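Quick note: residue numbers are just sequence positions, from 1. Whatever order the structure lists them in is the order used to number ligands and atoms, beginning at 1. Bear in mind that the values here come from a model prediction, so they are computed numbers and not experimental data.
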Amino acid sequence: MTSSAENDYRNSGFNTRAIHAGQEPDEQTGAVTVPIHVATTYAQQGVNQHKGFEYSRTGNPTRRALEQSIAALEGANHGFAFGSGMGAEDAILRMLQPGDNVLLGNDAYGGTFRLLDKIYGKVGVTWTAVDLTKPDLVASSWADNTKLVWMETPTNPNLTVFDIEAISAAAHLNGGLCVVDNTFATPYLQQPISMGADIVVHSATKYLGGHSDVVGGLVATNNDELAEHLGFVQNGVGAVISPFDCYFLLRGVKTLGVRMDRHCENAQAIVAMLSEHPQIEQVLYPGLPGHLGHETASRQMRNYGGMVSFIPRGGAEAAHRIVTSTKLFTLAESLGAVESLIEVPAGMTHGSTAGSPLEVDPSLVRLSVGIEDIDDLIEDLQAALG
Ligand code: PLP
């Protein structure tokens with residue numbers, strides 16, 4: 001079900017939207033949090049005469065609240081919720097036909113690459129990896145069968161920054177679409193639709209949920225035709241999210257802004273420490289003035305985010321030693337929650353990119369910096385670095 005953000009919050013600040021859009025007090029009871037509607041079906045007054053809901057795969061009131069929320073946060077007219085970020089990505093990619101091509105930013109989540117390469121590849125969809133730090137390459141890489149550009153910014157795991165406005169414009173000039181995976185930035189730090197992107201997709205499992213207790217995916221768009229496609233796929237395929245998980249996400253987004261402020265603040269303190277540390281070869285963070293995408297990030301983001309990657313001296317062996325030595329930073333996949341996590345993407349989240357143009361340096365360590373007390377986080381990392 002398409003869920004337009006027919007709200008009054010267009011001119012409100014981000015945190016006001018996060019707390020109120022789609023989450024007004026319940027009309028019947030006055031409850032100030034959105035009820036978890038577990039009903040699978042809804043009474044009809046006559047055949048096909050109902051109050052907007054008929055069957056819970058097609059539409060659910062708790063899910064609708066979440067869809068209105070993400071639409072409002074991304075400045076979009078339509079929002080859709082799915083059972084995972086991958087389910088959301090799949091719903092978008094189902095617009096493709098055998099023989100179509102996707103331009104894929106040359107750094108992206110391993111699961112996205114796997115979906116395109118191993119699942120869509122089987123039905124004749126092709127991908128071309130493009131270094132989107134050079135937006136001119138969009139035009140020169142575009143083929144007759146190219147339909148869209150798919151990018152993350154900042155990317156997972158190298159934190160490369162791509163220029164959303166320039167890349168969207170290039171895709172449109174060629175008659176195609178631009179899809180932005182906004183998982184790392186979140187709508188608090190960056191709103192791609194306002195820069196020309198056609199579709200925004202999220203692994204809501206990460207910052208939007210924020211507490212490592214829900215898997216979900218969200219999509220937002222202003223394009224009515226794409227919204228029709230997404231609603232049709234959501235109902236037709238049925239990779240929907242449960243009302244309980246919608247509730248967790250509705251609760252999570254209320255504090256997104258304050259959490260992101262703290263994530264960014266903590267990440268910056270850690271970047272400052274790592275940049276001076278003798279055991280560190282390179283720190284990757286868009287907030288660093290020497291980062292290739294620093295200027296673009298400063299233009300299109302409110303702040304630089306809570307994800308930090310680094311390459312230690314001593315290669316993969318050192319990386320493995322560090323990630324198994326921290327105590328507060330838990331060695332685990334995923335990111336974006338209140339607790340700090342550490343991982344080696346080449347062997348964990350990005351294993352499926354091995355041998356491809358998206359392959360990750362095996363010595364790269366990725367941090368998801370949480371909102372714990374910064375002195376404790378720094379002490380933990382310093383002890384692990386030795
Ligand atoms: N996009 C990005 C950038 C991710 O990091 C992930 C998961 O790590 C996904 C999409 C997939 O989301 P999910 O795990 O919710 O299916």
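The contact set between ligand 1 and G216, taken as ligand atoms under 4.0 Å from a residue heavy atom, comprises 15 (O).
Counting only heavy atoms of the protein, atom 4 (C) of ligand 1 lies nearest to Y109 CG, 3.6 Å. In terms of protein heavy-atom proximity, atom 5 (O) of ligand 1 is nearest to N156 ND2, 3.0 Å. The closest protein non-hydrogen atom to atom 1 (N) of ligand 1 is D181 OD2, 2.6 Å. Among all protein heavy atoms, the one lying closest to atom 10 (C) of ligand 1 is E89 OE2, 3.2 Å. For atom 8 (O) of ligand 1, the nearest protein heavy atom (residue, atom name, distance) is K206 NZ, 2.8 Å.
A distance-only check finds no donor-acceptor pair linking the side chain of H211 to the backbone of D213 [under 3.5 Å]. With T155 contributing its side chain and P157 its backbone, the two residues share no donor-acceptor pair below 3.5 Å.
Among N222, T221, D224, the one residue that satisfies the side chain to side chain donor-acceptor pair (under 3.5 Å) test with H78 is D224.
Under 4.0 Å from ligand 1, not a single heavy atom of E333 appears.
Within the 4.5 Å cutoff, no side-chain heavy atoms of T146 are placed close to those of T128. At a threshold of 4.5 Å between non-hydrogen side-chain atoms, the residues V253 and Q23 count as touching. A 4.5 Å side-chain heavy-atom check between L208 and I70 finds at least one atom pair inside the cut-off.
At under 3.5 Å, not a single nitrogen or oxygen of L335, backbone or side chain, sits near a nitrogen or oxygen of ligand 1. On a distance-only criterion, E152 and ligand 1 share no N/O pair closer than 3.5 Å. Taking only nitrogen or oxygen atoms, main chain and side chain alike, V215 does not reach within less than 3.5 Å of ligand 1. At least one N/O-N/O distance between T205 and ligand 1 falls below 3.5 Å.
W127 has its ring centre less than 6.0 Å from the ring centre of F113.
Ring geometry for H263 versus Y207: interplanar angle over 60°, hence perpendicular rather than tilted (30 to 60°).
Contact annotation: S334 has no heavy atom less than 4.0 Å from any atom of ligand 1.
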